[in-house]
Amino acid sequence: MKHPYDARAIETKWQRHWKDSNAFRAPNPGEPGFDPNAPKFYVLDMFPYPSGSGLHVGHALGYVGTDVIARRKRMNGFNVLHPMGWDAFGLPAEQYALQTGKHPRETTAENTANFKRQLELIGLSYDWSREVDTSDPTYYRWTQWLFLKLHERGLAYQAEVPVWWCEELKTVLANEEVINGRSERGNFPCVRRPLKQWMLKITAYAERLIVDLDLIDWPESIKIQQREWIGRSEGAEIRFAIEGASKAESTVFTTRPDTLWGATFLVLAPEHALVQAITTPAQRAAVDAYKAAAAAKSELERGDASKTKTGVFTGAYAHNPAFEAGDPKGRVPVWIADYVLAGYGTGAIMCVPGHDERDHEFAKTFGLEIREVVKPPKGAKGLADGVCFTEHGTAVNSGPIDGLATPEAKAKAIEWLVARGLGKARVTYKLRDWLFSRQRYWGEPFPLLHVEGGAIVPVPEDALPVLLPEMRDFKPSPDGSAPLARAKEWVTTIDPRTGKPARRDTDTMPGWAGSCWYWLRFMDTRNDRAPFSKEAERYWGPVDLYVGGAAHAVMHLLYARFWHKVFFDAGLVSTPEPFQKLFNQGMVEAFAYEDATGRLVASDEVEARGASYVQRTSGAELKQIVTKMAKSLKNVVNPDDMIEEHGADTFRLYEMFMGPLADSKPWNTRDIPGCRRFVERVWRLFVDADADAPIRPQFARGAKEPALEGATLALERGVHRLVARADDSFTHFNLNTAIAAMMTFLNDATKTPEALTRSQALRFVQVLAPFAPHMAEELWQRMGAPGEVAKSAWPRPDPAYLVDDEIEIPVQVNGKHRATVKVPKDAEGPAIEAAARAGAAVHLEGKEVVKVVVVPKRLVNFVVR
RNA sequence: GGGGAGAUGGCGAAACCGGCAGCCGCAUCGGACUUAAAAUCCGAAGGCCUUCGGGCCGUGCGGGUUCGAAUCCCGCUCUCCCCA
């Protein structure tokens with residue numbers, strides 16, 4: 001064989017060609033090769049954290065998807081920006097380092113090299129000249145610079161915030177390292193303890209983060225999740241004076257100011273600043289004990305409404321401002337309870353046990369007064385029936401607002417409070433300010449100096465980056481201070497502005513920091529005077545299509561939007577939103593096997609016996625289930641192995657052929673040969689492996705084009721249908737249907753290979769090109785077509801070829817399919833009906849036709865009696 | 001606990017605006033080629049029944065709307081994902 005299909009040879013050849021010719025470099029405006037007339041398209045993957053285990057086939061799904069889209073967009077004439085980089089700072093590298101003693105810088109370099117090798121093996125058309133690494137000083141220099149922009153605008157501040165502390169490990173732990181109040185490592189008890197931390201004031205943007213969701217083309221489900229997360233609620237702040245000598249006052253937030261007249265007690269968060277001051281000596285011991293217990297709980301446990309309510313009386317009383325001074329109904333006890341969170345609203349609530357579930361439970365548990373102030377509408381159950389009524393109704397026992405429906409009662413109550421100076425309307429959000437400090441080593445140092453007198457000043461721009469000091473031992477210190485605090489020479493510095501001694505800030509930024517602006521750096525990666533130039537941003541921004549897992553629905557996508565909006569306000573970017581369209585690819589799952597007891601059996605111990613599966617050692621019958629890929633299940637599939645065995649083109653095709661990009665679906669290595677066969681059949685259609693010629697003569701340059709008739713005409717229709725179906729697949733991201741269309745065309749062409757023309761073959765290869773780019777390029781070259789298929793113009797389907805002259809129309813009787821008739825494609829209603837009557841005559845005989853539904857080009861339905 | 005997505009043959013799936021359910025593959029079975037096997041090519045195939053004409057059932061379950069529902073509405077079950 002002189003021209004066998006040799007995936008490895010073809011793929012190596014073209015990957016080298018793309019690299020050597022910078023085929024996918026996207027020049028910026030003003031650079032050589034930039035085409036100002038072409039529209040731009042910025043398609044971005046969520047960049048990966050380069051873990052030690054490398055890419056698996058699930059990561060590859062999104063990357064292959066965006067690559068197919070990017071390649072087709074180039075063929076559609078767009079300037080395509082399609083970059084890739086590494087979200088390289090973060091906890092896992094540091095934990096790995098603590099275990100192995102290998103510096104995170106080394107492991108990160110190895111891991112990114114491995115990731116890049118894997119991505120290149122897949123034949124992805126990234127512009128590698130724009131590669132970024134968030135842990136590289138040339139990158140984090142600008143992360144620090146942008147942080148200072150936030151700092152300048154008053155959006156970064158320090159606060160005492162509770163963090164997880166593990167006494168046993170003598171360290172601060174991140175949220176994700178604490179599970180049910182115990183350390184993930186070692187399972188030791190943890191407590192929340194206050195520590196001074198950097199916070200970012202994302203709450204200042206809460207409203208805009210909600211409102212601007214209307215500007216972007218994102219899945220509604222993600223928008224809903226973000227709105228939920230931000231959790232806007234309207235209500236009022238009301239001031240309750242505390243009884244006694246102190247002039248203390250407690251401000252509560254409520255969404256139901258109309259129920260003020262039913263507030264019979266207050267509950268403060270255990271951490272509330274007032275607690276200390278108002279607790280009576282008799283209650284002090286109980287209060288202190290309760291506070292200590294609350295500190296050990298996570299917010300989840302505390303907020304869990306199903307749990308029995310706990311709380312402690314402070315001994316103090318407050319005055320409900322709805323009532324006259326001295327009115328005993330206005331004298332309400334003040335409790336503390338852990339279901340009230342310090343960070344939400346004002347950290348204090350007024351309790352209306354008649355109309356709030358949790359307050360109701362609490363009052364019943366502790367024997368507090370329950371008063372009805374909202375009468376349920378007719379038919380609904382209320383306090384009279386022993387039920388806590390929380391919906392809208394009519395105000396009763398509520399003085400000035402009696403008789404009003406809940407919405408009006410709310411408004412009137414606020415008016416009444418404002419008039420008396422007792423409260424005001426307020427909107428509050430569940431969203432909390434963002435804890436931005438970590439007491440960790442492997443992250444961006446804060447570019448801040450603590451100078452004499454306690455002030456904190458930014459490091460001047462020209463002194464950036466503040467380099468992460470070289471340290472060998474970066475375990476957290478036993479006193480809870482950050483590892484950087486031990487880099488003594490690094491910490492001790494001078495303030496370049498005054499020449500006076502200063503101390504560096506020793507916290508580092510969280511793993512999210514680098515991903516808060518990377519899409520901007522990609523626009524102008526090598527800029528060393530600014531994070532990115534205005535010209536580049538104005539041309540490339542915003543990202544047209546952002547693809548990643550739905551896992552990042554809130555955290556990353558909210559943080560990224562927040563930073564982008566700050567940049568927008570600072571005049572650094574020209575759009576209020578960073579990502580115009582968002583698309584979530586599905587999870588790639590894998591089969592796993594469980595035995596009769598439900599125990600999981602590793603995939604490599606499983607053998608297929610026809611349609612069933614058995615355990616190789618025991619012969620026990622197993623059930624196939626679908627679950628995520630995990631090392632522990634031994635069902636992780638590595639793309640390297642797949643490519644080694646079948647080639648990158650087959651691998652890419654299978655990734656896309658599995659199903660719609662958005663769906664979760666199981667990887668099934670057994671299915672790959674189908675795609676492999678497709679690739680080989682394409683090759684054989686074009687190349688006679690035993691001949692001398694690199695391509696069958698009928699497809700070579702200068703080959704005679706047969707007339708458009710008979711089988712050739714049928715194939716011509718097929719090509720147009722193929723392109724139309726492929727185009728359609730790109731609007732819905734169900735690229736599997738484009739591949740199905742190619743297979744259909746191939747099946748047809750294989751039946752009458754001599755009828756296939758060079759022009760049809762070229763167009764087929766063009767459609768193939770985004771999916772199987774190496775083979776497409778090879779065939780394109782062998783056909784002697786000009787340039788590269790990657791840069792050729794995507795074919796357009798001609799509607800005239802999309803429909804046959806005669807079409808088949810189903811005929812139904814009473815909605816049941818009874819016959820199929822052939823009619824000319826433009827046949828009108830009466831003609832179709834006549835044909836249908838004839839076609840379904842047997843089924844109409846002796847029946848009375850009551851109604852006929854004729855949908856031209858679609859169907860006919862006879863309704864008979 | 002809250003939020004999101006989903007359920008179609010043995011398996012992955014297709015089906016545009018409500019109009020022939022199951023395109024295209026996998027696995028399976030039959031045939032051709034071969035000394036043989038692999039590869040390749042051709043063909044069958046949702047289930048049940050059949051007098052071989054065809055008939056009945058069928059898109060997680062139960063209702064509804066409609067000439068007509070995988071698709072729309074109401075109620076339920078189950079699965080997956082995310083957050084803390």
Side-chain angles (χ1 to χ4, degrees), chain A residues 175-176 178-180 219-229 231 297-307 339 341 430 432 549-555 558 584 586-589 591 608-613 624-628 653-654 657-660 662-678 680-681 684 689 721 724-725 728-729 731-732 734 736-747 750-751 807-821 842-843 849-865:
Chain A
N175 266 334
E176 58 269 28
V178 179
I179 296 159
N180 294 327
E220 200 49 42
S221 63
I222 301 285
K223 290 188 181 182
I224 289 168
Q225 288 182 66
Q226 293 220 341
R227 283 193 201 102
E228 277 293 324
W229 185 263
K297 292 191 193 171
S298 69
E299 291 198 354
L300 167 67
E301 294 173 281
R302 293 178 49 165
D304 192 342
S306 65
K307 289 239 175 74
Y339 76 93
L341 303 176
K430 258 191 279 179
R432 243 64 70 66
H552 301 100
V554 275
M555 311 284 257
L558 203 60
N584 296 122
M587 292 268 298
V588 172
E589 298 156 325
F591 293 117
R609 295 250 172 95
S612 62
Y613 301 89
Q624 189 184 59
I625 58 164
V626 168
T627 178
K628 63 182 167 197
L653 281 164
Y654 178 64
F657 189 60
M658 277 195 286
D663 289 9
S664 291
K665 56 242 160 185
W667 179 273
N668 194 353
T669 301
R670 199 176 70 169
D671 287 346
I672 289 192
C675 290
R676 171 66 179 266
R677 254 172 279 202
F678 167 71
E680 303 229 16
R681 288 177 66 208
R684 283 200 302 274
R721 266 197 292 266
R725 282 183 71 183
D728 198 52
S729 82
T731 62
H732 297 104
N734 50 355
N736 53 322
T737 62
I739 297 170
M742 284 189 265
M743 289 173 168
T744 302
F745 179 79
L746 177 69
N747 288 344
T750 309
K751 281 176 190 129
I807 53 175
E808 290 193 336
I809 291 210
V811 182
Q812 298 181 342
V813 177
N814 284 348
K816 285 194 170 153
H817 180 226
R818 291 302 183 202
T820 305
V821 294
V842 188
H843 302 277
V849 176
V850 197
K851 184 174 176 184
V852 184
V853 182
V854 179
V855 185
K857 295 191 203 320
R858 283 260 175 239
L859 70 13
V860 179
N861 187 14
F862 294 103
V863 184
V864 303
R865 256 206 296 259

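None of the values given here were measured: they were computed from a predicted structure. Each chain gets a letter, A, B and so on, in the order the sequences are listed, and its residues count up from 1.
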Peer 1: Please tell me which of the listed nucleotides, B:A84, B:G25, B:C26, lies nearest to the side chain of A:D671?
Peer 2: B:C26
Peer 1: Using salt bridge (Lys or Arg N to Asp or Glu O under 4.0 Å) as the criterion, list what pairs up with A:E589, not counting sequence neighbours.
Peer 2: none
Peer 1: Please identify each residue that fulfils side-chain contact (heavy atoms from CB on, under 4.5 Å) with A:V852, with sequence neighbours left out.
Peer 2: A:E833, A:R837, A:V849, A:V854, A:V860, A:F862
Peer 1: I need a per-nucleotide contact map over nucleotides 14-23 of chain B, read 5' to 3'. Cutoff is protein heavy atoms under 4.0 Å; write B for the base, S for backbone only, - otherwise.
Peer 2: SS---BB--B
Peer 1: Does some side-chain heavy atom of A:H732 sit less than 4.5 Å from a side-chain heavy atom of A:T737?
Peer 2: no
Peer 1: Who are the salt bridge (Lys or Arg N to Asp or Glu O under 4.0 Å) partners of A:R858, not counting sequence neighbours?
Peer 2: none
Peer 1: Within the 4.0 Å heavy-atom criterion, would you say A:E680 contacts the bases, only the backbone, or no part of the nucleic acid?
Peer 2: nothing
Peer 1: Checking A:P673 now: which residues fulfil side-chain contact (heavy atoms from CB on, under 4.5 Å) with it, not counting sequence neighbours?
Peer 2: A:R677
Peer 1: Protein within reach of the bases, or only the backbone? For nucleotides 38-55 of chain B, mark each nucleotide 5' to 3' as B, S or -, using heavy atoms under 4.0 Å.
Peer 2: --SS-------------S
Peer 1: A:E808: which residues meet the salt bridge (Lys or Arg N to Asp or Glu O under 4.0 Å) condition with it, sequence neighbours left out?
Peer 2: none
Peer 1: Excluding sequence neighbours, so at least two apart, what forms side-chain contact (heavy atoms from CB on, under 4.5 Å) with A:D663?
Peer 2: A:P660, A:K665
Peer 1: Evaluate the side-chain contact (heavy atoms from CB on, under 4.5 Å) criterion for residues A:T669 and A:F591: first the C-alpha distance (whole Å), next the side-chain angles of each, then the deciding distance (0.1 Å), finally the verdict.
Peer 2: CA-CA 10 Å; A:T669 301; A:F591 293 117; over 6 Å; no
Peer 1: Please measure how far the C1' atom in B:G63 lies from the corresponding atom in B:U77, and state the result in whole Å.
Peer 2: 15 Å
Peer 1: Measuring only the C1' atom in each nucleotide, how far is B:G64 from B:G3? A whole number of Å is fine.
Peer 2: 29 Å
Peer 1: Which whole number of Å gives the distance between the C1' atom of B:C57 and that of B:C78?
Peer 2: 24 Å
Peer 1: Rounded to whole angstrom, note down the P distance from B:G68 over to B:C20.
Peer 2: 15 Å
Peer 1: Identify the stems formed by RNA chain B, where each pair is Watson-Crick or G-U wobble with both distances under 3.5 angstrom and a stem is at least 3 consecutive pairs.
Peer 2: B:1-7 with B:77-83, B:10-12 with B:24-26, B:28-32 with B:40-44, B:46-49 with B:54-57, B:60-64 with B:72-76
Peer 1: Under the rule for side-chain contact (heavy atoms from CB on, under 4.5 Å), what residues qualify as partners of A:R681, not counting sequence neighbours?
Peer 2: A:R684, A:L746, A:N747, A:T750
Peer 1: Could you pull out the protein-nucleic contacts involving nucleotides 64-66 of chain B (nitrogen or oxygen on both sides, under 3.5 Å)?
Peer 2:
none

Peer 1: With sequence neighbours excluded, what pairs up with A:F745 under the ring-ring contact (aromatic ring centres under 6.0 Å, His included) test?
Peer 2: A:F764
Peer 1: On the nucleotide B:U79, are OP1 or OP2 found under 4.0 Å from the side-chain N or O atoms that A:K665 carries?
Peer 2: no
